[in-house]
Amino acid sequence: MGESNIKPEYLKKAEQIRHDFGASDAVRDAGLTRPQNVSWENDVSYGPYGQWNLMDIYYPADTDGLLPAIVSVHGGGWVYGTKEVYQFYLCSLAARGFTVVNFNYRLAPEHPFPASLEDINAVFSWIKENGKDHHIDTEHLFAVGDSAGAQMLSQFAAMLTNRDFARLFEDRYGFRFPELKLSAVALNCGRYEMTAPDDEEMDLLFHAYLNGEPVDFERYTDTKRYLTKQFPPSFVMSAYCDFLYKEAQPMTEALRRAGVEAECHIYGSRDDERIGHVFHCNVRLDEAARCNDEECAFFSRHL
C-alpha cells in the first residue's frame with residue numbers, strides 16, 4: 001500500500017510512536033552486548049518481503065541437537081518494532097535452555113491488517129519446514145507475545161485451534177496454515193478486547209492497523225469469541241503499573257471458561273512504575289528475571 005493511500009493522521013501517529021518507543025528502548029538497552037553463552041544466526045529469510053521477513057535464531061552456545069523453541073511476536077502497537085529491539089530480552093530466554101526465534105514482520109499503517117498475521121503464519125510455516133536444521137524441536141514449540149504482539153499471538157493460536165476461525169482467513173485472504181501445535185504460550189501485557197477503543201490515542205493506532213479493512217473487524221480480530229479447549233495452555237502476564245493491566249484477568253477468565261489451562265500473573269506494585277508495560281523486556285530488572293524464569297518454567301512443565 002502506498003503512503004498516499006494512508007490517512008495522514010495514521011502516519012503521524014505511527015511516526016510519533018516509532019520516535020518515542022525507539023528512544024525509550026534505546027535507553028533501556030544502552031551498553032548491553034550480546035551474551036557469550038548464546039549462539040546467534042542472524043538475518044535468516046523466511047519470506048518474500050525483504051527486511052520485514054528476516055529472523056534471528058538464538059540458542060545456548062553448546063547446542064548440538066534439537067531444543068524446545070520459543071517464537072516471539074514483538075509488540076509496538078502494530079506500527080513499531082524490529083528484532084533488534086528484542087535481541088537482549090530474547091537472548092536471555094535462549095540462555096535458559098531454549099532455541100528462540102526473533103523476527104521482523106510488516107508494520108501498519110504502511111502494511112495494514114492482515115499483513116502482520118500473514119508474516120506470523122509464514123514464520124511458523126518456515127519453522128515447520130526448516131526448524132530441525134536450526135536446533136528447533138517442532139514437537140515442543142512455545143510462543144511469547146507482548147502488547148500488540150500478545151493480541152496477534154492469541155489470534156494466531158486461535159486460528160490454529162479453531163477451524164471456523166481459520167477458515168475466515170483461508171477464504172478471504174488465502175491463508176494456508178501449517179500443521180503444528182503450540183505446546184503453551186505466554187501472553188504478556190496484551191490487549192485482547194478488540195472493540196473500538198474509548199481512548200483516542202489507542203483508537204488511532206487501532207484504525208491505523210485496520211485501515212478500514214475488514215469492515216466487520218471484530219469478526220476477524222476478537223480472539224475471545226473463538227477460544228476452544230484446544231487453545232494452548234496460557235501464562236497471562238501483566239503488571240500493576242501496566243496501562244493494559246485490566247485486560248489480563250478477563251482474558252484469563254475467558255480462557256478458563258473455554259476449558260483452557262490458564263494462569264494469571266501480575267508483577268510489581270501500584271507504586272513502582274519501573275514495573276510497567278512490557279517491563280519483562282528490560283533484562284536489567286530483577287522483576288523481569290523473575291517473570292521470565294516463571295514463564296520458562298511454565299513452558300518446561302508442558303514439554
Side-chain angles (χ1 to χ4, degrees), residues 68-73 75 98 101 113-114 116-118 120-125 127-128 131 136-173 175-195 214 216-238 244-266 291 294-303:
I70 301 172
V71 180
S72 170
V73 183
F98 295 84
V101 176
F113 178 94
S116 54
L117 290 167
E118 289 176 339
I120 291 167
N121 188 51
V123 166
F124 282 96
S125 297
I127 288 170
K128 174 68 174 179
I136 295 172
D137 182 352
T138 55
E139 299 301 314
H140 296 99
L141 195 59
F142 304 94
V144 297
D146 64 276
S147 197
Q151 183 272 318
M152 290 186 288
L153 173 57
S154 71
Q155 190 174 1
F156 181 72
M159 292 175 192
L160 290 182
T161 52
N162 184 323
R163 281 296 306 146
D164 290 338
F165 193 29
R167 197 171 292 113
L168 289 179
F169 286 82
E170 291 171 345
D171 293 347
R172 185 161 187 167
Y173 301 111
F175 277 42
R176 293 295 178 264
F177 295 97
E179 293 185 8
L180 54 74
K181 177 183 177 181
L182 291 174
S183 297
V185 297
L187 304 175
N188 297 318
C189 301
R191 181 180 174 210
Y192 313 106
E193 191 61 49
M194 295 301 286
T195 56
D216 48 348
F217 62 86
E218 289 182 49
R219 186 179 178 214
Y220 287 84
T221 62
D222 184 6
T223 297
K224 288 181 182 178
R225 69 171 67 186
Y226 299 106
L227 295 174
T228 69
K229 63 182 180 181
Q230 284 75 38
F231 193 94
S234 300
F235 187 111
V236 182
M237 184 277 278
S238 186
L244 291 175
Y245 160 71
K246 292 182 179 180
E247 297 265 359
Q249 190 61 46
M251 181 60 169
T252 306
E253 291 170 359
L255 287 161
R256 290 172 176 167
R257 286 194 299 271
V260 179
E261 177 191 345
E263 299 181 2
C264 187
H265 296 254
I266 309 298
C291 171
E294 290 176 354
E295 290 192 356
C296 287
F298 182 81
F299 291 161
S300 293
R301 292 199 299 274
H302 290 88
L303 287 171

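His302 contributes atom NE2, which lies 12.5 Å from atom CG of Leu182 (distance to the nearest 0.5 angstrom). Rounding to the nearest 0.5 Å gives a distance of 12.5 Å between OG1 of Thr161 and NZ of Lys229. Arg191 CZ to Gln151 CD: the interatomic distance, rounded to the nearest 0.5 Å, is 8.0 Å. Here OH of Tyr192 is found 4.5 Å from CG of Leu187. Values are rounded to the nearest 0.5 Å. The distance from the SG atom of Cys291 to the CD1 atom of Ile266 is 10.0 Å, given to the nearest 0.5 Å. How far CE of Met159 is from CG of Asn162: 10.5 Å, rounded to the nearest 0.5 Å.
No side-chain heavy atom of Leu227 sits less than 4.5 Å from a side-chain heavy atom of Val260. Put simply, the side chain of Pro68 reaches to within 4.5 Å of the side chain of Phe142, judged on heavy atoms. Side-chain contact check for Lys224 versus Pro250: some heavy-atom pair is nearer than 4.5 Å. Taking the side chain as every heavy atom from C-beta outward, Val73 and Phe156 never approach each other to under 4.5 Å. Within the 4.5 Å cutoff, the side chain of Ile70 has no heavy atoms near those of the Glu295 side chain. Looking only at side-chain heavy atoms (C-beta outward), Phe177 and Phe124 stay at 4.5 Å or farther from each other. Under the 4.5 Å side-chain criterion, counting only non-hydrogen atoms from C-beta, Tyr226 is not in contact with Ser154.
Ring centroids of Phe169 and Tyr220 are separated by less than 6.0 Å, placing the two rings close together. Two rings, from Phe113 and Phe217, have their centers 6.0 Å or more apart.
Taking the six-membered ring where tryptophan is involved, the planes of Phe299 and Phe98 are perpendicular, since the angle between them exceeds 60° and thus also 30°.
Closest approach of Thr223 to Met251, counting heavy atoms only: CG2-CE, 4.3 Å. Leu153 and Ala186 make their closest contact through CD2-O, 4.0 Å (heavy atoms, listed as atom of the first residue, atom of the second, distance). Between Ala248 and Val236, the shortest heavy-atom contact is O-CG1, 3.6 Å. Minimum heavy-atom separation, Leu168 to Arg219: CD2-NH2, 3.2 Å. Nearest heavy atom pair, residue Ser238 against residue Cys189, reads CA-SG, 4.2 Å. When all heavy atoms are compared, the tightest approach of Ser147 to Leu244 is OG-CD1, 4.4 Å.
A donor-acceptor pair under 3.5 Å is formed between the side chain of Thr228 and the backbone N or O of Gln230. Without hydrogens or angle criteria, Asn121 side chain to Arg176 main chain gives a donor-acceptor distance under 3.5 Å. Without hydrogens or angle criteria, Glu247 side chain to Glu193 main chain gives a donor-acceptor distance under 3.5 Å. Lys128 places no side-chain N or O within 3.5 Å of a backbone atom of Thr138 that could act as its donor or acceptor partner.
Listed by first then second residue, pairs satisfying salt bridge (Lys or Arg N to Asp or Glu O under 4.0 Å) with a partner in residues 248-266 read Glu263-Arg301, not counting sequence neighbours.
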